[in-house]
Amino acid sequence: MTPRKRRMFAIAGGLGLLAIATALVLNALQSNLVFFFSPTQVVAKEAPRTGSFRVGGLVEQGSVRREADGLTLRFIVTDTAHTVPVTYQGLLPDLFREGKGVVVAGKLDADGVFRATEVLAKHDENYMPPEAADAIKRAGQATAANAMREQPR
């Protein structure tokens, strides 16, 4: 084999290995990617029906209910415009409270209940995840705009 052919085979092999490595990295990233949706987006069916995603907002006042087993919890996440019922089984963060910001990760069941596998609560009095704060702000603006349209002139 001539040196030119060896060089061409080496380049082709290197490009093949690079393509395989790129495909593996992109596949790993895609399988670990979790998107954020607000309750309004979930109600509008913008969230995926299969696969994991996150929902964020406020824990609705008076919505937290513990099951008899002590580990299963039901509550409602709201962005002040729409709500999503959530079921979670496990230990909650110490800062989980009604009326406070929360982000839950999991899947949406066919019955519309979000089955959470992870609950993330805010870490101090002034913090709320930016996505959740934006969702609540947008929902409040939409509610105000609808109220303005409904007022008699």
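Each residue takes its place number in the sequence, starting with 1.
Cluster annotation: Leu71 and Val59 are assigned to distinct hydrophobic clusters (Ile/Leu/Val/Met/Phe/Trp/Tyr, side-chain heavy-atom contacts under 4.5 Å, transitive). Hydrophobic cluster membership differs between Val43 and Val77, with clusters built from Ile, Leu, Val, Met, Phe, Trp and Tyr side chains linked at under 4.5 angstrom. Linking Ile, Leu, Val, Met, Phe, Trp and Tyr whenever their side-chain heavy atoms come within less than 4.5 Å leaves Ile76 and Val119 in two separate clusters.
Applying the salt bridge (Lys or Arg N to Asp or Glu O under 4.0 Å) rule to pairs touching residues 4-30 yields nothing, sequence neighbours excluded.
Around the CG atom of Leu91, the shell of radius 6.0 Å holds no more than 12 heavy atoms that belong to other residues, nucleotides or ligands.
Summarising the geometry of Ala116 relative to Val104, their closest heavy-atom pair is CB-CB, 4.1 Å, with the distance given to 0.1 Å. Closest approach of Val42 and Ala47 over heavy atoms only: CG2-CB, 4.0 Å. Taking every heavy atom of both residues into account, Pro39 and Gly56 meet most closely at CD-O, 3.2 Å.
Atom OG1 in Thr22 sits 12.5 Å away from atom CG in Asn27 (nearest 0.5 Å). Taken to the nearest 0.5 Å, the CZ atom of Phe37 stands 12.5 Å off from the CZ atom of Arg54. Put simply, CZ on Phe36 and CD on Gln41 are 7.5 Å apart, with the number rounded to the nearest 0.5 Å. Rounded to the nearest 0.5 angstrom, Lys107 NZ and Arg49 CZ are separated by 14.0 Å. The structure places CG of Leu95 at 11.5 Å from CG of Leu120, a figure rounded to the nearest 0.5 Å. Of the inter-residue distances, the one linking Glu60 atom CD with Thr80 atom OG1 reads 10.5 Å to the nearest 0.5 angstrom.
With Phe75 as the partner, the ring pair (Phe, Tyr, Trp, His ring centres under 6.0 Å) test is satisfied by one option alone out of Phe114, Tyr88, Phe96: Phe96.
In this structure, the side chain of Glu118 does not engage the main chain of Ala105 through any donor-acceptor pair within 3.5 Å.
Residues meeting the side-chain contact (heavy atoms from CB on, under 4.5 Å) test with Asp111, sequence neighbours left out: Asp109, Val113, Arg115.
In this structure, the side chains of Arg97 and Val102 stay at 4.5 Å or more apart for every pair of heavy atoms. Residues Val55 and Ser38 are not in side-chain contact: their nearest non-hydrogen atoms beyond the backbone lie 4.5 Å or more apart.
Hydrophobic cluster membership of Met8, counting Ile, Leu, Val, Met, Phe, Trp and Tyr whose side-chain heavy atoms lie under 4.5 Å apart directly or via other members: none, as it forms a cluster of its own.
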Point to revise | Leu73/Thr87 under side chain to side chain contact (heavy atoms under 4.5 Å, CB included): CA gap, chis, key distance, verdict | key: CA-CA 6 Å; Leu73 186 75; Thr87 299; over 6 Å; no
